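Chain letters run A, B, ... following the sequence lines, proteins first, then strands; residues in each count from 1. Computed from a predicted structure; not experimentally measured.
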Number of protein chains: 2
Amino acid sequence: MTVFQKGKVDIVAVAKAAKVSPSTVSRTFNHPDLVNPATRKKINKAVQRLGYIRNRAAQTMHGKRSGTIGLVVPTINHAIFSEVIQAFSDSIDKAGFSLLLASHGYDLNREYAMVRKFLEHRVDGVALVGLEHSDATNRLIKQQKIPALALWNYSEESPLPCVGADNHLAGRLATEHLLNLGHRDIGLIFPETQGNDRAQNRLSAVHDALGEVGVVVPDEHETQAPYSVSQAKQAALVLLTTSKRPTALLCGNDVIAQGALFAAQKLGLRVPEDLSIIGIGDFKGSADVEPGLTTIRIPAETIGALAGEKFTDFITSDDPKYFSIRCDLECVIRQTTRSLVTP
Amino acid sequence: MTVFQKGKVDIVAVAKAAKVSPSTVSRTFNHPDLVNPATRKKINKAVQRLGYIRNRAAQTMHGKRSGTIGLVVPTINHAIFSEVIQAFSDSIDKAGFSLLLASHGYDLNREYAMVRKFLEHRVDGVALVGLEHSDATNRLIKQQKIPALALWNYSEESPLPCVGADNHLAGRLATEHLLNLGHRDIGLIFPETQGNDRAQNRLSAVHDALGEVGVVVPDEHETQAPYSVSQAKQAALVLLTTSKRPTALLCGNDVIAQGALFAAQKLGLRVPEDLSIIGIGDFKGSADVEPGLTTIRIPAETIGALAGEKFTDFITSDDPKYFSIRCDLECVIRQTTRSLVTP
DNA sequence: CTAATTTATGAAAACATTTGCAATACTATT
DNA sequence: AATAGTATTGCAAATGTTTTCATAAATTAG
């Protein structure tokens, strides 16, 4: 119980206190079965008494795993990724790993810097959001032979193991939902697609799906807004007040859709009577806004949890094999979209 | 440019390639002024060529800082802390530190486990949310002499350096706002206060302030809801439909307030005409809901940024001195509260 | 009761750095 | 030209572990 504050308390201090050799102390931690229960008890008592805490840096230096996994996300701040981060964190924690987290603010050069930083810390793996990364990042990963994982997106051609959803499909599902309801005047609010392959995939799929049935979106019905409720609200306000109003708004994600919804409410428009709105993502909260937001559900929690599990397996396996998992999307129809075709 | 994949690339490989001693390579990194510019160039070229990345584990072992700071939050998932995490992360990144992040789900025993885990990683400091921690945690921090910081809350009596706001005051401000508007029938929706000193402080301040003017809250007007929009919505639905409806709802934070707002909307109540709602926090998005949420603004970003800055200063200083910073609160009056007293 | 195992422990090398000290080479001063 | 600095570099010890190998003790087999 009492604490010897005398000098450093390292493995040899413990050894001394327990009257054994450092090797034995090390073994009690790493291969308890190899040491006599009696000595083990002695050692544990010494550990308690001295308040000894193992030094992972020293272990790492010895070639053991550092027990950390680096995760680089575009942003922590918005609801978007907090759910995956949480699930991923919990999941790797279960496997005994700690999470090093960094964000790059949609700047792929900063992403590179973060990966590098993590490499200095000798993380056992890096997880990145999305499939698009700078050449430097890809080169670094290959060169350093560090286990890497692409999170959130799914693509058959992903060079890295990946766990995520097909954003192309997400865009298509959203579009089809609106088309099925009879909408032809569709407004689009998407973020800048530069350095954001999720948004890019979704948007191009939307255009494809629309094009297939001959629907064109006039310029004034397609606008950009970052992933921010307030800025999206602003953009929607503009879109809805200048020019002839579309019958439906397809939004790059749920944050934007919420902004659009609030904009409509502010303008006194009834949703879905006067305007249909669909988002992508199904973030926490999307179900609860009034009216409930129709959206394409991306199972963030599943993705995070699964990714954490598979990745730690991958890292700890002796012969790790490439894996890639596509998580299912689902169109969640709530109350912000309605059919134009009267039955 | 080309990469020698031959064996480990460590500081001695670099030394060999640059035809100098390992010491000199080390010095180029740590004390560049002590090495001849010409040799430095040679070494840098070798570093490039071999793709060498410094090993922080080895540095750490040598007594240098690990360059990591551990942050333990109750939850990553909800909007509540994502803003502080982001700001804190960015802030410490500027000072060259990396963030180890963990969450404990409002379980202080898990908080202890996380701190311990971080200690194994030899973090240079731990930041915790709130002032209430388990005895074990407090003991551990003191015993290991690890720099620690209390984030989010402010209190004069905090044993740890802290950067945050006075939650007691937040509760009081919210209450006073409603009282000033003439409300006397006030409903309360707060989370479980066990292990959550923020909520506890706020709630007790509310009761104090109410008590001072002789207002009592009947049991059926005080209910519990976790920090979840949907569950809060549910709780509000119940509160608003059973028994005589209060004229105002004071919510433990903005997530709950949003839930309450949506509940009111679902019930067809007009806010603020039929019901006033006030939250605490002013999260991202609170300004944008329709109608805009009246709330007590806790400057999350400022707290995170300031905390990161002060804490890294503290850690890197030769004679660190205790500090504690109280961040100002502000009642942000938007459109969910109205005066009952007709002027 | 001795030989052959098995179990338990310790000694020492290895891991990738940093740094104090010593040695060398160079420059400025008288 | 000799002396005193100063700038640059290398050597070796130190950091806290883990693990291989060897040794000693205890157990089992014959």
Side-chain angles (χ1 to χ4, degrees), chain A residues 4 6-44 46-47 50-68 96 119-124 144 146, chain B residues 4 6-44 46-47 50-68 117 119-124 144 146:
Chain A
F4 269 130
K6 239 175 102 75
K8 315 277 144 223
V9 22
D10 54 7
I11 212 174
V12 359
V14 173
K16 211 163 284 175
K19 298 190 199 309
V20 296
S21 75
S23 331
T24 309
V25 178
S26 174
R27 259 187 298 255
T28 12
F29 285 118
N30 298 297
H31 314 281
D33 42 313
L34 292 185
V35 22
N36 188 318
T39 12
R40 229 184 313 170
K41 202 178 297 179
K42 262 196 314 187
I43 291 174
N44 285 327
V47 166
L50 302 187
Y52 168 71
I53 293 186
R54 303 175 70 183
N55 185 337
R56 277 205 113 121
Q59 299 178 197
T60 303
M61 247 206 43
H62 206 81
K64 298 205 94 169
R65 276 188 281 273
S66 70
T68 55
L119 253 13
E120 292 192 356
H121 287 291
R122 294 299 187 265
V123 291
D124 299 323
Q144 299 292 326
I146 175 90
Chain B
F4 270 130
K6 236 176 106 74
K8 315 276 143 221
V9 22
D10 54 8
I11 211 175
V12 359
V14 173
K16 211 162 284 175
K19 297 190 200 309
V20 295
S21 76
S23 332
T24 309
V25 178
S26 174
R27 262 187 295 257
T28 358
F29 284 118
N30 298 296
H31 314 281
D33 42 313
L34 292 185
V35 21
N36 188 317
T39 11
R40 227 185 315 171
K41 201 177 298 177
K42 261 196 315 186
I43 291 173
N44 284 327
V47 167
L50 301 187
Y52 169 71
I53 293 185
R54 303 174 71 185
N55 185 337
R56 278 204 111 123
Q59 298 177 200
T60 303
M61 246 207 44
H62 207 82
K64 300 205 96 171
R65 274 188 282 275
S66 70
T68 54
K117 192 165 89 161
L119 252 13
E120 292 192 356
H121 287 290
R122 293 298 188 264
V123 292
D124 299 323
Q144 299 292 326
I146 176 92

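Nucleic acid contact class of A:T60 (heavy atoms, under 4.0 Å, all strands): none. In this structure, A:F29 reaches neither bases nor backbone, as no heavy-atom distance under 4.0 Å exists between it and the strands shown. The residue B:R54 sits close only to the backbone: its heavy atoms come under 4.0 Å of sugar-phosphate atoms, none of a base.
Among the nucleotides C:dT17, D:dT15, D:dT8, the one closest to the side chain of B:I11 is C:dT17. Of the listed nucleotides (C:dT18, C:dT17, D:dT20), C:dT17 has the atom at the smallest distance from the side chain of B:Y52. Among C:dA14, C:dG10, C:dA8, the nucleotide with an atom closest to any side-chain atom of A:H62 is C:dA14. Listed nucleotides: D:dT17, D:dT15, C:dC15. Nearest to the side chain of A:A58: D:dT17.
The CG atom of B:L34 sits 12 Å away from the C1' atom of D:dT6 (whole-angstrom rounding). Taking atom CZ of residue A:R65 and atom P of nucleotide C:dC15, one finds them 19 Å apart after rounding to whole Å. Atom CG in B:N30 sits about 16 Å away from atom P in D:dT9, given to the nearest Å. One can place CD of B:E120 at 11 Å from P of D:dT18, the figure rounded to the nearest angstrom. Separating the CG atom of A:D10 from the P atom of D:dT18 is a distance of 12 Å, rounded to the nearest angstrom. For A:R122 and C:dA16, the CZ to P distance is 9 Å, given to the nearest whole Å. Taking atom CG of residue B:N36 and atom P of nucleotide D:dT9, one finds them 5 Å apart after rounding to whole Å. D:dG16 atom C1' lies 15 Å from atom CG of A:L50, rounded to whole Å.
The closest donor-acceptor contact from the side chain of A:S26 to the backbone of A:P22 lies at 3.5 Å or more, if one exists at all.
For D:dT18, neither phosphate oxygen OP1 nor OP2 lies less than 4.0 angstrom from any side-chain nitrogen or oxygen of A:H31. Checking the phosphate oxygens (OP1, OP2) of D:dT18, a side-chain nitrogen or oxygen of A:Q59 falls inside 4.0 Å. For the OP1/OP2 pair of C:dG10 and a distance below 4.0 Å, the side-chain nitrogens and oxygens of A:T24 include at least one atom meeting the criterion.
Residue B:K42 places its NZ atom among more than 12 non-hydrogen atoms of other residues, nucleotides or ligands, all under 6.0 Å distant.
With DNA chain D read from its 5' end, the first of the two nearest nucleotides for B:M61 and B:P22 is the one closest to B:P22. The 5' end of DNA chain C is approached more closely, in terms of each residue's nearest nucleotide, by A:S23 than by the other of A:S23 and B:N55.
Residues A:P32 and A:R40 have side chains in contact (heavy-atom distance under 4.5 Å, counting atoms from C-beta outward).
Side-chain to base pairing of B:R27 with D:dG10: one donor and one acceptor N or O lie within less than 3.5 Å of each other.
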Please report the C-alpha distance between A:R54 and A:N30 in whole Å, then the side-chain angles of each, then the deciding distance to 0.1 Å, and finally whether the side-chain contact (heavy atoms from CB on, under 4.5 Å) criterion is met.
CA-CA 11 Å; A:R54 303 175 70 183; A:N30 298 297; 2.9 Å; yes

Can A:T68 and A:R122 be said to form a side-chain contact (heavy atoms from CB on, under 4.5 Å), step by step?
CA-CA 8 Å; A:T68 55; A:R122 294 299 187 265; over 6 Å; no

Would you check, one step at a time, whether the test salt bridge (charged side-chain N to carboxylate O under 4.0 Å, His left out) holds for B:E120 with A:R56?
CA-CA 6 Å; B:E120 292 192 356; A:R56 277 205 113 121; 3.6 Å; yes

